[in-house]
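Numbering of ligands and ligand atoms starts at 1, following listing order. Predicted model, so just to flag it, every value in this text is computed and none were measured.
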Amino acid sequence: MRILSPSMLSADFGHLDRDTRMVDRSAAEWVHIDVMDGVFVPNISFGFPVMKAIRKATDKCLDVHLMIVEPERYVARFAEAGAGIVTFHYEATKDVAGCIGLIRGTGAQVGISIKPATPVEVLREVLPQVDLVLVMSVEPGFGGQSFIPGSLDKIRALRAMIREQGLRTIIEVDGGISARNACELFDAGADALVAGSAVFGAADPEAEIRRMLEA
Ligand code: DX5
Ligand code: ZN
């Protein structure tokens, strides 16, 4: 599986409708929505009103990445707001199972994410209960950072764990991804790649999306 999920964090918010429609026309299958609360990460991005504007401009799957503490308080609202996938951070909650159950109850796909310092091993038990694992390849909080090379081994280890358990869990990778490393990441076992600055900073974002998918 090869999916691209452009991160709207790098879009031009003065032209959000235009930028979302570009993604809608493009070869990207998902639209990545980064929600930051200023507590789990040292930055604040956007919430429901902005997501609503994005939802209006595309029918594609909204891939929501929650970088917020106590995600269980909000996961249902993000599903109601049109998320196709709701991903929360393993490190952000004391109740991983409860959070999974809440998302499952909405009908959205369930995603769980780990920060660069969190080993994939912590996911062994919950793996059968989630649809997607999001491996952070930068410290969450900001776009435009450099890819952390150690993430490749985490992808390979996770791929092996998924295979061992006979699952079909999707592996998504987020942070510092461009046409330069996309191929290596797909080869290591990633199914879906998030890209913000590489897409929206390109002279021709639609062509850049194709380059990454065909890398
Ligand atoms: C970082 C976000 C990423 C970010 C990726 O906390 O989760 O989705 O937008 O941006 P780039 O592709 O620029 O690293
Ligand atoms: Zn993200």
Side-chain angles (χ1 to χ4, degrees), residues 3-13 16 19-20 22-23 26 28-47 50-51 54 60-69 71 74-75 78 83-92 103 108-118 130-152 154-155 170-186 190-203 205-206 208-209 211-213 215:
I3 289 175
L4 200 76
S5 191
S7 168
M8 299 310 293
L9 189 64
S10 294
D12 178 348
F13 285 77
L16 190 57
D19 284 4
T20 309
M22 178 283 292
V23 176
S26 79
E29 252 180 80
W30 297 349
V31 183
H32 192 77
I33 311 277
D34 285 305
V35 179
M36 304 178 184
D37 66 355
V39 181
F40 183 68
V41 290
N43 197 11
I44 297 176
S45 57
F46 54 78
V50 172
M51 187 171 153
I54 295 170
K60 287 191 172 173
C61 172
L62 299 188
D63 162 34
V64 176
H65 176 195
L66 297 178
M67 286 162 273
I68 64 174
V69 293
Y74 291 103
V75 287
F78 279 99
I85 304 164
V86 179
T87 298
F88 67 97
H89 266 269
Y90 170 84
E91 305 88 353
I103 301 171
Q109 302 250 96
V110 180
I112 190 162
S113 183
I114 49 171
K115 298 208 273 182
T118 305
V130 302
D131 301 296
L132 174 149
V133 174
L134 175 59
V135 175
M136 287 308 298
S137 43
V138 298
E139 284 301 332
F142 301 90
Q145 303 179 73
S146 304
F147 181 84
I148 299 172
S151 317
L152 278 162
K154 288 176 78 174
I155 297 164
I170 295 168
I171 301 180
E172 184 177 30
V173 188
D174 183 4
I177 299 172
S178 68
R180 279 189 302 281
N181 55 7
C183 183
E184 204 180 1
L185 290 165
F186 282 130
D191 301 295
L193 302 181
V194 177
S197 45
V199 168
F200 290 99
E206 283 189 65
E208 196 61 26
I209 288 169
R211 275 182 59 200
M212 292 179 68
L213 284 169

Hey, does [Y] have a side-chain heavy atom less than 4.5 Å from the side chain of [X]?
| X | Y | result |
| --- | --- | --- |
| Pro71 | His89 | no |
| Met212 | Ile177 | yes |
| Cys61 | Glu29 | no |
| Leu185 | Leu152 | yes |

Numbered atoms and elements of ligand 1 in range of [X], under 4.0 angstrom, heavy atoms:
| X | result |
| --- | --- |
| Gly175 | 14 (O) |
| Asp174 | 2 (C), 3 (C), 4 (C), 5 (C), 7 (O), 8 (O) |
| Val194 | 8 (O) |
| Pro140 | 6 (O) |
| Met36 | 6 (O) |
| His32 | 8 (O) |
| His65 | 7 (O) |

[atom] [closest protein heavy-atom partner, distance rounded to 0.1 Å]:
| atom | result |
| --- | --- |
| atom 2 (C) of ligand 1 | Asp34 OD1, 3.4 Å |
| atom 10 (O) of ligand 1 | Gly143 CA, 3.5 Å |
| atom 1 (C) of ligand 1 | Phe142 O, 3.5 Å |
| atom 14 (O) of ligand 1 | Gly176 N, 2.8 Å |

So is there a nitrogen or oxygen of [X] less than 3.5 Å from a nitrogen or oxygen in ligand 1?
| X | result |
| --- | --- |
| Gly196 | yes |
| Gln145 | no |
| Ser7 | yes |
| Leu9 | no |
| Gly141 | yes |
| Met136 | no |

Quick check: does any side chain N or O of [X] sit under 3.5 Å from a backbone N or O of [Y], one acting as donor and the other as acceptor?
| X | Y | result |
| --- | --- | --- |
| Asp19 | Leu16 | no |
| Lys154 | Thr118 | yes |
| Ser137 | Gly175 | yes |
| Asp37 | Val69 | yes |

Problem set entry | Of all N/O/S atoms in His65, the name of the one nearest the Zn ion (ligand 2) | ND1
For this session: Kindly give the atom name of the N, O or S atom of Asp34 closest to the Zn ion (ligand 2).
Result: OD1
For this session: Indicate, as side chain, backbone, both or neither, the part of Ser197 found under 4.0 angstrom from ligand 1 when only non-hydrogen atoms are considered.
Result: both
For this session: Give a yes/no verdict on whether any heavy atom in Ala195 is under 4.0 Å from an atom of ligand 1.
Result: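 True for this residue.
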Of the non-hydrogen atoms in [X] and [Y], which two are nearest, and what is the gap between them?
| X | Y | answer |
| --- | --- | --- |
| Phe186 | Asp191 | CE2-O, 3.7 Å |
| Ile114 | Tyr90 | CG2-CB, 4.0 Å |
| Ala28 | Lys60 | O-NZ, 2.6 Å |

For this session: Report, rounded to 10°, the angle at the Zn ion (ligand 2) between the two atoms OD2 (Asp174) and NE2 (His32).
Result: 100°
Problem set entry | Check: Asp63/Ser5 side-chain N/O donor and acceptor closer than 3.5 Å |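 Side chains of Asp63 and Ser5: pair found under 3.5 Å.
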Exercise. Thr87 pairs by side chain to side chain contact (heavy atoms under 4.5 Å, CB included) with which of Val130, Asp174, Leu66, Leu132?
Worked result: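 That would be Leu132.
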